[in-house]
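Working notes, structure below.
Both counts, for ligands and for their atoms, begin at 1 and track the order of listing.
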Amino acid sequence: MQTPTASLQLKPGRDKPVHNHHPWVFSGAVGRLHGDPQPGDLVAITDEHGHALATATFNPRSQIVARILSWDPAEPIDDAFWGRRLERAIAARAALGLSADDALISPAPLLPRSPAPASPTTAYRLVNAESDGLPGLVVDRYGDTLVMQCLTLGIDRRKTMLAEQLAGLLRPAGILERSDVDVRGKEGLRLLVEPRHGQPPPPEMTIHENGHAFLVDVWRGHKTGFYLDQRDNRAAVGRPVLLAGREVLNVFAYTGAFGVYAAAAGAARITQVDSSAPALEAAERNMALNGFDRPDDELIAGDAFEVLRYYRETGRQFDVVVLDPPKFAHNQGQVERACRGYKDLNWLALRLLRPGGLLATFSCSGLVSADLFQKVVFGAAVDAGRDVQIVQPLGQAADHPVLLSFPESAYLKGLLGRVW
Ligand code: SAH
């Protein structure tokens, strides 16, 4: 069905977010349901008078009862609609220079099969869900492989068609569905990882980012395999002018991406900390993959808080500290505790920096705003007795765009600070 046969009538005065192009309709805003839509079906969103405002997918199991696809109630949500949205998202990445080596729209060349790509970046986000007008759909490119994540029922029901359209547009070697994300539970969906098209990807592949090579496991790696959202921040921090000859501490290193940039920028010594030993093993292999043989570097498997405390107690100092912790706040109730965690961490890091050193600090908790995060780091600086200049505000990479009408899409924030 390409046009809705049912409608959600909003309560009086609850239509403003829809007029403002916010893509979510919460169950509390709905006055009446007309018709008998099945979960995942299209519904019209109407104002209190029954006047159609938008077309959405419906999921009665979720607090977000509808996800708006189009604010033109007359626009059919047919295969051509989905194709237009996908093409628009793909073209926006090409316009960022992220796909210079491949004309992405068929019938032109395929995704490159060669291990030595012309483009310095072969892994990036092609579709960023709501921000690309495709609520619940994430598509990342890793070389000749696409990884899709279906976060909502509306997308899950259409994923075969979407995978076919992606295959037609980009002709990848394979498409893997990595729908092993907890939020699917809120949509009544189970977690799964399954090949959707073409060849199943290999257990490990090599991607390039700004000319650096990284090993990625798209089956089991974090997110869809790699923290693509940190690309621009790695480039901002990983500059020779900032790092050459410096002693760098990379905390929450995962597979050592910031570490590889630091090595390339001529850092004197790099210490990488992560609680995951396998991640650090990959970090070591990523260094070797880029031709770095650095016997003085350290890989420390352990709890970041404990390691930082140990360094403080033993008087260890660094010139640069990168802090990229996992998400601390998963819901509103966790925000306060998360902020205490960020403050402790930043306090510890600030204590380890030599005067004039650099702190690159991040939070990927969407519920902690950039403003709040800056206040938390300020609190840590006051307690640590350090003055911090913001050299550069940091955020999610350009292929993870933020939709103005959907500020929830801004989740990664950071600061590059010089510490006196
Ligand atoms: N900076 C990385 C991404 C970091 S993701 C990059 O650019 O790719 C967060 C990392 O923190 C994960 O690798 C996870 O294993 C690690 N982690 C989570 N809790 C931790 C803890 N308490 N101490 C140390 N590492 C931790």
State the atoms of ligand 1, each with its element, that fall below the 4.0 Å cut-off from a heavy-atom position in Gly302.
-> 23 (N), 24 (C)

Is there a heavy atom in Ala279 that sits closer than 4.0 Å to ligand 1?
-> no

the protein heavy atom lying closest to atom 18 (C) of ligand 1 turns out to be Pro326 CG, 3.5 Å

Starting from atom 3 (C) of ligand 1, find the nearest protein heavy-atom neighbour and note its residue, name and distance.
-> Asp324 OD2, 3.2 Å

In terms of residue, atom name and distance, what is the protein heavy atom nearest to atom 20 (C) of ligand 1?
-> Ser275 OG, 3.4 Å

Going by the 4.0 angstrom heavy-atom rule, the piece of Tyr227 near ligand 1 is side chain

Does any N or O in the side chain of Arg93 come within less than 3.5 Å of the main-chain N or O of Ala89, such that one atom is a donor and the other an acceptor?
-> yes

Could you tell me whether the side chain of Gln396 and the main chain of Ser409 form a donor-acceptor pair under 3.5 Å?
-> yes

Ligand 1 atoms in contact with Asp303 (distance to a heavy atom under 4.0 Å) | 21 (C), 22 (N), 23 (N)

Is there at least one pair of N or O atoms, one from Asn250 and one from ligand 1, spaced under 3.5 Å apart?
-> no

Give the residue, atom name and distance (to 0.1 Å) of the protein heavy atom nearest atom 11 (O) of ligand 1.
-> Phe252 CD2, 3.3 Å

With only distance considered, is Thr255 within less than 3.5 Å of ligand 1 through an N or O on each side?
-> no

Before signing off on this row, confirm whether Phe258 and ligand 1 have an N or O atom pair separated by under 3.5 Å.
-> no

Indicate, as side chain, backbone, both or neither, the part of Ala304 found under 4.0 angstrom from ligand 1 when only non-hydrogen atoms are considered.
-> both

When you check the side-chain N and O atoms of Tyr261 and Glu209, is any donor under 3.5 Å from an acceptor?
-> yes

Work out whether the distance between some heavy atom of Glu306 and some atom of ligand 1 is less than 4.0 Å.
-> no

Passes ring-ring contact (aromatic ring centres under 6.0 Å, His included), Phe226 versus Tyr142? Steps please.
-> CA-CA 9 Å; Phe226 197 66; Tyr142 291 91; 7.3 Å; no

Classify the side-chain pair Thr361/Asn346 by whether it contains a donor and acceptor separated by less than 3.5 Å.
-> yes

Among protein heavy atoms, which lies nearest atom 7 (O) of ligand 1, and at what distance?
-> Arg234 NH2, 3.0 Å

Taking side chain as C-beta onward, heavy atoms only, is Asp217 less than 4.5 Å from Arg220?
-> yes

By side chain to side chain donor-acceptor pair (under 3.5 Å), Asp297 pairs with (sequence neighbours left out) Arg294

Could you tell me whether Asp156 and Arg184 make a salt bridge, using a distance below 4.0 angstrom between a side-chain N and a carboxylate O?
-> yes

Protein heavy-atom partner closest to atom 15 (O) of ligand 1 - residue, atom, separation in Å = Asp274 OD1, 2.6 Å

Per-atom contacts, ligand 1 versus Tyr254 - under 4.0 Å to a heavy atom = 2 (C), 3 (C), 4 (C), 8 (O), 13 (O)

Donor-acceptor pair between Gln149 and Ser179 side chains, under 3.5 angstrom | no

